[in-house]
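Report on one structure; see the data block that follows.
Just so we're on the same page: letters track the sequence lines, and every chain starts at 1.
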Number of protein chains: 2
Amino acid sequence: MQYFVAVAEERHFGRAAERLGISQPPLSRAIRQLEVRLGTDLFTRTSRGVELTEPGNVLLRESRAALAAVAAAERRTRRAATDEPVVLVVKAAATGPLVTDLLERHAAEPGAAPVRLEPCAIGEQVRTLRDGRADAAVLHLPYDDLTGLDIVEIGQEPQVVFIGRSHPQSGRDSLTLAEVQELLHDAPTPRWADADGRIPDGPGPIARDHGQLQALVALGQATWLAPASCRAMMRPDIVAIPVPDAEPITTVLAWPAHGTSDAVAHLVATATRTAAALQG
Amino acid sequence: MQYFVAVAEERHFGRAAERLGISQPPLSRAIRQLEVRLGTDLFTRTSRGVELTEPGNVLLRESRAALAAVAAAERRTRRAATDEPVVLVVKAAATGPLVTDLLERHAAEPGAAPVRLEPCAIGEQVRTLRDGRADAAVLHLPYDDLTGLDIVEIGQEPQVVFIGRSHPQSGRDSLTLAEVQELLHDAPTPRWADADGRIPDGPGPIARDHGQLQALVALGQATWLAPASCRAMMRPDIVAIPVPDAEPITTVLAWPAHGTSDAVAHLVATATRTAAALQG
DNA sequence: CCGCCTGATACCCGCCGGGTATCGCGAGAG
DNA sequence: CTCTCGCGATACCCGGCGGGTATCAGGCGG
């Protein structure tokens, strides 16, 4: 299955073999065996590489999910063995008071497992959950894709728009979503590399990290709509203007759905109580 | 991994080996190798069988998920190869006009893949999706567990309570949820075998199929709160009484989240349009 | 104390997955 | 048109791993 994914991604038996650390003929044979077993061709062989067939495309998607599940099994078992702490991934950019509060309450619990915080790249969090590198994650709705995860809501916060201090609108004490759309027309939201390292098409400058994003915003080249707690980590020459009619951002604690360890269950229970306490 | 799951489930090397169709020593060795590879014991061996360790429990959960993913990959690829129709599972009991309408619209689409309807046992639908036996399913919220699935809402319907025609309340033209609770006290909801074939504990008579459920309701031994469309398949000596303050049941089309085939995407698109048309 | 049932160990064998060498073929250059 | 180059396929060999049988070791019950 790894072999198949490698060939599908490289679209080339030779390169795939090199990547896998084996030689090309066994790889050819392995793929052929897989095709026989499944009763269908997975690639159309041409004289200059290979292309995926439709069943091949199906298998590629499914294989990626299956391999992630297998890797997760191994990683989680390893970690369960060494009673390492629960790994909680957070967006480096979005560590608001919600998370610190949750961690404090959790630490105060009797018998609570230690929690190791793990910052990670934007958009990478869900993947770390799926392949077992992490046990739980703090995500923000509606940005993240929650399929395969259970969640508990731990907070909501309004959105603000970040613009440079010298921006003509920087004196406003609130903006409507329509007005934000206007701003975005002149200075679009920066584009990030996504989980695959690819930059999506579209307008907007390209930012590689959070510092670049802030620089763009400060220079009036970009506008950024984000949860209000992001205010805490923005440079002083950027102002945050509330956008009351923007959908509030929901912060959730997420974990893989198919059952969890006691340690994660404990963390989740704490999160549930924390959320209840904050609401009440 | 299959080996590990077998031993974990049987809690006995000999029986597990028999189930796997191999002999006991290679199984012992395979498990030992796995333990070495993961760097932790997975079982505590006693003189009368084995018990799972804590890492073993983790691996059992993860392995089940991973094996389901692998099985799904194989099945879906096979079906993609033979351009078999999309398989859509439905609760045998709940094939209301929503589904027939969806299917009619889909069939009218140019180039739409054929759809094969597959009835299945209550509670079994989500499992058929996860292990690749089906491509899509009609589910009802909030009954089904949606983790790992993408959904599109295709309709909502109010709930009704089903009671026998001779029931003292059968003349009412609506009941409150509180009144239904009263009814349930005397004649609880029947219990079904769940996906594992286990009957949950609790009050209420046991029903093996839909006919038995109806018999129990007709005899005044059971009360059944269900979506209004179920009315269509109930015997005439059962009456349906609207329960306006019961949470309406949402019907959704669900499919595995991690990308789908063109055929399923087409069906989903049709469902989305159907839902929009019905709402508009 | 003995017997039985458990999992572990010892040992052998066939086959599958890895290697190297080579072939067949289609595309592109001259 | 042909030669060449680059691709995947094939042929063949080998070692190790996964399977088998026979047997051992230990704990619990009779």
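- One atom, CD of B:Gln24, and another, P of D:dA22, lie 14 Å apart when rounded to the nearest Å.
- In this structure, B:Arg45 pairs ionically with B:Glu35, as a charged nitrogen and a carboxylate oxygen lie closer than 4.0 Å.
- The aromatic rings of B:His106 and B:His266 sit perpendicular to each other, their planes meeting at more than 60°, with 30° as the lower class boundary.
- No more than 12 heavy atoms of other residues, nucleotides or ligands sit less than 6.0 Å from atom CD of A:Glu18.
- Look at CZ on A:Phe4: it is 16 Å from C1' on D:dG8, rounded to the nearest Å.
- For B:Arg32, the side-chain atoms get nearest to C:dA8 when compared with the rest of C:dG7, C:dA8, C:dG18.
- Checking the phosphate oxygens (OP1, OP2) of C:dG17, a side-chain nitrogen or oxygen of A:Gln33 falls inside 4.0 Å.
- Residue A:Arg45 places none of its side-chain N or O atoms closer than 4.0 Å to OP1 or OP2 of D:dC7.
- Other residues, nucleotides and ligands place more than 12 heavy atoms under 6.0 Å from the CD atom of A:Glu109.
- Spacing between atom CD of A:Glu35 and atom P of D:dG8 amounts to 13 Å, rounded to whole angstrom units.
- Listed nucleotides: C:dG18, D:dG20, D:dA9. Nearest to the side chain of A:Ile22: C:dG18.
- Mapping B:Ser23 and A:Arg15 onto DNA chain D by nearest heavy atom places A:Arg15 at the nucleotide closer to the 5' end.
- In this structure, the CD atom of B:Glu18 is 11 Å from the P atom of C:dT6, given to the nearest Å.
- Spacing between atom CG of B:Leu42 and atom P of C:dG7 amounts to 15 Å, rounded to whole angstrom units.
- Rounded to whole angstrom, the span from the CD1 atom of B:Ile31 across to the C1' atom of C:dT9 amounts to 17 Å.
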Self-check item: Pair A:Phe13-A:Tyr3, ring-ring contact (aromatic ring centres under 6.0 Å, His included): steps then yes or no
Solution: CA-CA 10 Å; A:Phe13 275 75; A:Tyr3 290 4; over 10 Å; no
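- Note on B:Ser28: every side-chain N or O is 4.0 Å or more away from OP1 and OP2 of C:dG7.
- Regarding A:Phe43, its CZ atom lies at a distance of 15 Å from the C1' atom of D:dA9, rounded to whole Å.
- Residue side chain B:Arg29 reaches the base of D:dG19 through a donor-acceptor N/O pair under 3.5 Å, judged by distance alone.
- For D:dG8, the OP1/OP2 oxygens have a side-chain nitrogen or oxygen of A:His12 closer than 4.0 Å.
- Whole-Å rounding puts the A:Asp41 CG to D:dA9 C1' distance at 13 Å.
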